[in-house]
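Below, read A as the first sequence line, B as the second, and so on, with proteins coming before strands; counting in each chain starts at 1. Quantities reported herein were computed from a predicted structural model and do not represent experimental measurements.
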Amino acid sequence: MSVALRILDDGAWLSVNDQRRVSVSELWRVDDPDFCDCDLVDFIAEGFTAVSADGRDVAVTTYGQCIACGKKGVPGKLPVGRIRNGAYRGYDREHMIMRPMSGRTDE
Amino acid sequence: MSLSLLSPPSPSSLQSLSPSSLCRRRDGTTAFTMLSRGQRYRFAVDKDKTQAPDMLPMPDRLLSVTAYTTLDLLDGEAEAHEFTESAYAVVNATAPRKQPDHVKLEVELDSTQLEQLTPHADRIRLTPEEARTLAADLEKYAEKVDAYLADES
Amino acid sequence: MPTDVERWKSEIYGNEIREHLYRFAESGWESIPDDESDAWFERFKWWGLYQQRNGQESYFMMRIGTPNGVLEPGQTEVVADIAKEYASGPAENPEFGDTYVDWTTRQSIQLHWLKLEDIPEIFEKLESNGLSAQQACGDSWRNIVGNPMAGKAPEFVDALPVIHELNDRFKGNEDHSNLPRKWKVSVTGAPDGSGQGDINDLAFEPAFKEIDGEEVRGFNVAVGGGLSRNEPRIARQIDVFTRPENAADVAAGISALFREHGDRENRYNARIKFLMDEWGPEKFRRVLQEDFVDFELETAGEDLREQYTYNAGGEEHGDLIGVHEQRDDKYYVGLNVLVGRMGADDTAELARVADTYGSGEVRISQRQNVIITDVPEENLDALLDEPLLENYSPDPHPFMRGSVACTGTEFCSLSIVETKNRQVRFARWLKQNVELPDGVEDFHIHLSGCTASCAQPQIADVSLRGMKTRKNGEAVEALDIGLGGGLGENPHFAEWVGQRVPVDEVPGAIKNLLATFEDQREGSETFREFIARQDEDELENLIEPEETSYEDPMMHNTKLTWYPYAENDSMDASPAPTDGDGNPLAPADD
């Protein structure tokens, strides 16, 4: 069973199996000390550039900024949901702390 | 998907070139050609419906792999008396969320790559002291490997 | 790696989408196979249909491309009729009502809340009246823009015949239907720069050259302008001059070059401005000459840039509003449409007024305004007395006149904040509460919901761009503030010096900014000149956000509503998707 993942509408959406699942303008708390000096990045996703799947996690690469300090950039791949038995479930992104996937083995 | 670069188009043929096209090949596979940055590329795709580049087949996992799984896509193998199989492996160190009274170490080989073994996960319970002993051994051997690889280069 | 969009385009794109579009329209939105819906919604864009944002699925925005913004007699009424009959949705806009028409910054028309099932009827009405949504969106030739008054206002060289030739040749042309990305073309014949060529992929700008002892009037060619995604560029001169009769051949060569050499692997690198960055104008010209045209290209002629006044932040209005003379002794009357949105009834009234006092023709400008043309002198007084002009004035207050706003979170997937209604509130408050310094009659404020920059924020006196910030711990809508942008002889993009200002503090910031301008103004310098002589630190100090009597009812995250102005706006309350009659369909599998 395979799952279609794509970024559409000039980076506005992550589409999973032809349904819009994650949108820009979401606000995430990101644990990425390399991104800015804040304890947690108060991150607004402005434009998705890529999607990837790693195991069951679906992650987006997105341009954005920390709305607390204004630092702009691209944090690592951010996990937004997972796939189980071919179905996608979004993480509760408003209430969890995201850690970029490339950095998750660092601690 | 494999990629091969075809020879650049000649000027006289430019006006009528289609920028991209899909064609079915005799062996049943589909080829997709695309003109990008002045070169024509061919991509082979292996289903009759072309797939998005980041699609992965989803195996029958027992261990849930999340953003917080310790390690994924490791080189693993299972050795039995009659056979040895290799596959990608997931390793995770964790503790129960409620009443964490032991450290858990879990291992699972990717079942889609296994022929002999049935899909399964192995799990070991460790006391804090045992976990630290393991950690120290892992550290020790990590240093040894580092030193060897440094000498080799 | 090819993107999915490239694969979909290779399978079905361009004119052939139409029969599928009709098939789905007949069977209903639901009949689009689940695992093909992304592909079809991408393809529908080529026919001007853009599915609205989340919470509004099955409703479409339709863009009608009107070359150079010209609506021939009778066509404005058709647009108003279509809006009245089809462009209403499950909720009303508190400012603009149930049905409305948007005049856009590319001299086109946008209607919202359209149902797929109604498209065949709508297309029939459009096409039997000479209008079309073909190629209005998608990876191809978009609506061609220019000086809206081409052919009627004083011009150095006639642009309209060139625009018509380009439109005839490239709309529906299979060889140019599938480009790596959108393709925006501008042709200007007037000496005021009103085609805004600088911010287009391909620009034809008025110029003259001596050839074989004769002065020839034509166009200089520039390539690679554009504002989006934090990478604004001014189009670069490629040292090519073309006679009007050869312009289409030059355009064909450049379009083919883009088709072959644009980046199809990475949509973020696909616009021709990035190719121009990589190659530079000299290589571009060489490749064009060697591989894409079969005639000798002329080198550039002399341009008229020192005469450019449009959107230039200079002393003249430079925006076509008001009463002006045409070449044939008749007049055109430019009317201000605040943020480009006009109720459908008002649009019908506009058609009637144009018909009664002019020829019936209406033209659309890149500042989201409309122009009634061909008014004989003896009709002017009566026209200016018409009640319609009270709301769409030829002599508007500067804050009203200077406002431009994009679609925003009301309908658009990309936007971060609410825009049109907000800019209306800003303009009203500023008009009530802020004085402009003596002699300052223009003040351009462009509000864009995100970096796609559809409201062309980088070329305004005050540029506003959607963002978010925290105020008292709560996430609220905010705006980045930029200063000192404008076109003209020396185009300049705004410096973004104010970051993440909560929206309720922005009017106060503008008030303070203008007070400082008044204080520190040297002589009668324009705002743009004032900004130009500040250094970066000084510019930052000019931004003083302040809460004032301005209240903003949309500070919360309007992106999380299904429609910001619905009474129950939470996403769960969305009726979408709906069937052809607006009845909610069963929810899709989660």
Quiz item: Is A/D42 paired with C/K468 through a side-chain N to carboxylate O contact shorter than 4.0 Å?
Solution: no
Quiz item: Of all heavy-atom pairs between A/L27 and C/A475, which one has the smallest distance, and what is that distance?
Solution: CD1-CB, 3.2 Å
Quiz item: Does a sphere of radius 6.0 Å around CG in A/D92 hold more than 12 heavy atoms from other residues, nucleotides or ligands, not counting ones at 6.0 Å or beyond?
Solution: yes
Quiz prompt | Smallest separation among heavy atoms of C/S413 and A/R20, with atom names | solution = OG-NH2, 4.1 Å
Quiz item: What's the shortest heavy-atom distance between A/S25 and C/N557, and which atoms?
Solution: O-ND2, 3.7 Å
Quiz item: Relative to chain A, which segment of C/T451 carries a heavy atom at a distance below 4.5 Å: side chain, backbone, both, or neither?
Solution: side chain
Quiz item: What part of C/E42 gets closer than 4.5 Å to chain A, counting heavy atoms only: side chain, backbone, both or neither?
Solution: side chain
Quiz item: Do you know which of C/Q52, C/Q499, C/R267 has the most heavy-atom pairs under 4.5 Å to chain A?
Solution: C/Q52
Quiz prompt | Region of A/E26 that comes under 4.5 Å of a non-hydrogen atom in chain C | solution = neither
Exercise. Enter the distance from A/D18:CG to C/D38:CG here, rounded to the nearest 0.5 Å.
Key: 4.0 Å
Quiz item: Is it the side chain or the backbone of A/T49 that comes within 4.5 Å of chain C heavy atoms, both, or neither?
Solution: both
Exercise. Inspect the surroundings of CD in C/E474 and state if more than 12 heavy atoms from other residues, nucleotides or ligands are less than 6.0 Å away.
Key: no
Exercise. Identify the two heavy atoms, one from A/F48 and one from C/Y268, that lie closest to each other, and give their separation to 0.1 Å.
Key: O-OH, 2.5 Å
Self-check item: Side-chain touch A/L8/C/F41, heavy atoms, less than 4.5 angstrom
Solution: no
Exercise. May I ask you to test the C/K559-A/V24 pair for a side-chain heavy-atom distance under 4.5 Å?
Key: yes
Quiz item: Rounded to the nearest 0.5 Å, how far apart are CG of C/D34 and CD of A/Q19?
Solution: 7.0 Å
Quiz item: Using 4.0 Å as the upper bound for N to carboxylate O, is an ion pair formed by C/R53 and A/D9?
Solution: no
Self-check item: Inter-residue atom distance A/E94.CD - C/L560.CG, 0.5 Å rounding
Solution: 6.5 Å
Quiz item: Side chains of C/R500 and A/I44: does their closest heavy-atom pair fall under 4.5 Å?
Solution: no
Exercise. Please flag which part of C/R470 lies under 4.5 Å from any non-hydrogen atom of chain A: side chain, backbone, both or neither.
Key: both
